[in-house]
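Let me begin by presenting the structure, written as structure tokens, before commenting on it.
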Amino acid sequence: MLLFCSTMLLIINGTGYSTDNFKVLERNIVIDQSGFIHLLGEIRNTSNETQRSITAYANFYDKNGQNIGNGSGIVSLRSLNTGQVSPFEIIFLDKNQTKHFFNYTHNFTSEIGHQKPDSIVITSLKSRPDIFGYYYVSGRISNMGNEPATNVLAIASFFDNTGKMIGLSSAITEPSNMTSLSAASFTIVMDDKLQSPKIKNYSLTVDSDQYTSK
């Protein structure tokens with residue numbers, strides 16, 4: 001039987017606190033080229049158990065404290081071992097309310113899972129912008145585990161020159177299912193042309209049903 005647990009994070013005008021299972025390491029609001037609000041961040045599992053199926057929720061408010069909408073998103077890694085970090089993203093899809101946005105409240109839900117070995121190794125990595133305003137991260141990985149790795153996903157978090165997170169993108173590896181001691185490649189595209197020119201750094205995590213990267 002799965003046990004249910006949750007934690008709450010409240011953020012008002014950039015001030016936040018977290019309890020129980022997760023600590024927020026990074027958070028930022030960006031508005032994309034289409035006018036949608038993106039709530040971006042990174043969380044660390046501070047509990048004593050692996051957490052899985054982690055979902056992030058947010059309520060958005062205007063300057064008078066009136067709710068103007070809500071959103072939710074799945075935390076990028078399918079599970080988080082104790083101490084492990086994952087990015088997350090919530091997109092507020094009512095762009096008619098973007099100009100009224102002032103602050104938000106935020107919470108996570110999760111279930112207790114099983115520890116996932118860090119048996120995926122990143123063996124090469126490179127990045128580049130192109131002339132069309134996109135930003136690419138590509139590389140190769142190896143499955144060093146004794147079992148196949150299935151549904152392998154490469155996840156990139158992008159940061160500006162102040163260290164704020166300004167984008168999140170991912171891509172399925174090729175092949176997406178890796179036998180033991182095999183290799184795969186990936187290419188991640190950051191396609192928000194408003195944020196791409198601001199990219200100064202990025203972090204990469206690789207996740208699968210069985211394993212995660214170091």
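Throughout, residue positions are numbered sequentially from 1 according to the sequence presented.
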Spacing of Glu49 atom CD and His114 atom NE2 [to the nearest 0.5 Å]: 10.5 Å
Nearest heavy atoms of Val152 and Ser208, plus distance in Å: CG2-CB, 3.9 Å
Reported OH-to-OG distance for the pair Tyr134 and Ser169, which is rounded to 0.5 angstrom: 12.0 Å
Approximate separation, where rounding is to 0.5 Å, of Asn45 CG and Ser110 OG: 7.5 Å
Minimum heavy-atom distance Asn143-Thr179, with the two atoms named: ND2-O, 3.2 Å
ring-ring contact (aromatic ring centres under 6.0 Å, His included) partners of residues 155-179, not counting sequence neighbours, each pair once: Tyr135-Phe158
Partner residues of Asp209 under the salt bridge (Lys or Arg N to Asp or Glu O under 4.0 Å) criterion, sequence neighbours left out: Arg78
Value rounded to 0.5 Å, distance of CD1 in Ile188 from CG in Leu204: 5.0 Å
Residues which pass side chain to side chain contact (heavy atoms under 4.5 Å, CB included) with Ser176, listed by chain and number, not counting sequence neighbours: Ile172
Non-neighbouring partners of Lys214 that pass salt bridge (Lys or Arg N to Asp or Glu O under 4.0 Å), sequence neighbours left out: Asp118
For the student: nearest non-hydrogen atoms of Ile166 and Asn28, plus distance: CG2-ND2, 4.1 Å
All side chain to side chain contact (heavy atoms under 4.5 Å, CB included) counterparts of Ser86, not counting sequence neighbours: Val75, Ser76, Leu77, Leu80
Those residues that, when tested against Thr123, pass side chain to side chain contact (heavy atoms under 4.5 Å, CB included) (two or more places apart): Val121, Arg140, Ser142
Pairwise salt bridge (Lys or Arg N to Asp or Glu O under 4.0 Å) hits with a residue in residues 188-204, at least two apart: none
Check: Gln84/Thr212 side-chain N/O donor and acceptor closer than 3.5 Å: yes
ring-ring contact (aromatic ring centres under 6.0 Å, His included) partners of residues 178-207, not counting sequence neighbours, each pair once: none
Quiz item: cation-pi between Lys95 and Phe36, 6.0 Å / 45°: yes
Nearest-0.5 Å distance, CD1 of residue Ile120 to OG of residue Ser213: 6.5 Å
Check: Glu147/Ser180 side-chain N/O donor and acceptor closer than 3.5 Å: no
For Phe92, all residues meeting ring-ring contact (aromatic ring centres under 6.0 Å, His included), sequence neighbours excluded: Phe60
Distance flag, aromatic centroids of Phe108 and Phe22, threshold under 6.0 Å: yes
Closest heavy-atom pair and its distance - Gly35, Thr98: O-OG1, 2.7 Å
Interatomic distance, Ser34 atom OG to Leu194 atom CG [nearest 0.5 angstrom]: 8.5 Å
Passing candidate, side chain to side chain contact (heavy atoms under 4.5 Å, CB included) with Tyr57, options Thr105, Asn70, Ile90, Thr109: Thr109
Partners passing side chain to side chain contact (heavy atoms under 4.5 Å, CB included) against Arg44 (at least two apart in sequence or in another chain): Leu25, Thr46, Val85
Step-by-step side-chain contact (heavy atoms from CB on, under 4.5 Å) determination, Ile141 to Thr173: CA-CA 9 Å; Ile141 60 172; Thr173 61; 3.9 Å; yes
Exercise: identify the closest heavy-atom pair between Leu40 and Gly167: CD1-N, 3.5 Å
All salt bridge (Lys or Arg N to Asp or Glu O under 4.0 Å) counterparts of Lys116, not counting sequence neighbours: Asp207
Inter- and intrachain pairs under salt bridge (Lys or Arg N to Asp or Glu O under 4.0 Å), touching residues 80-89, at least two apart: none
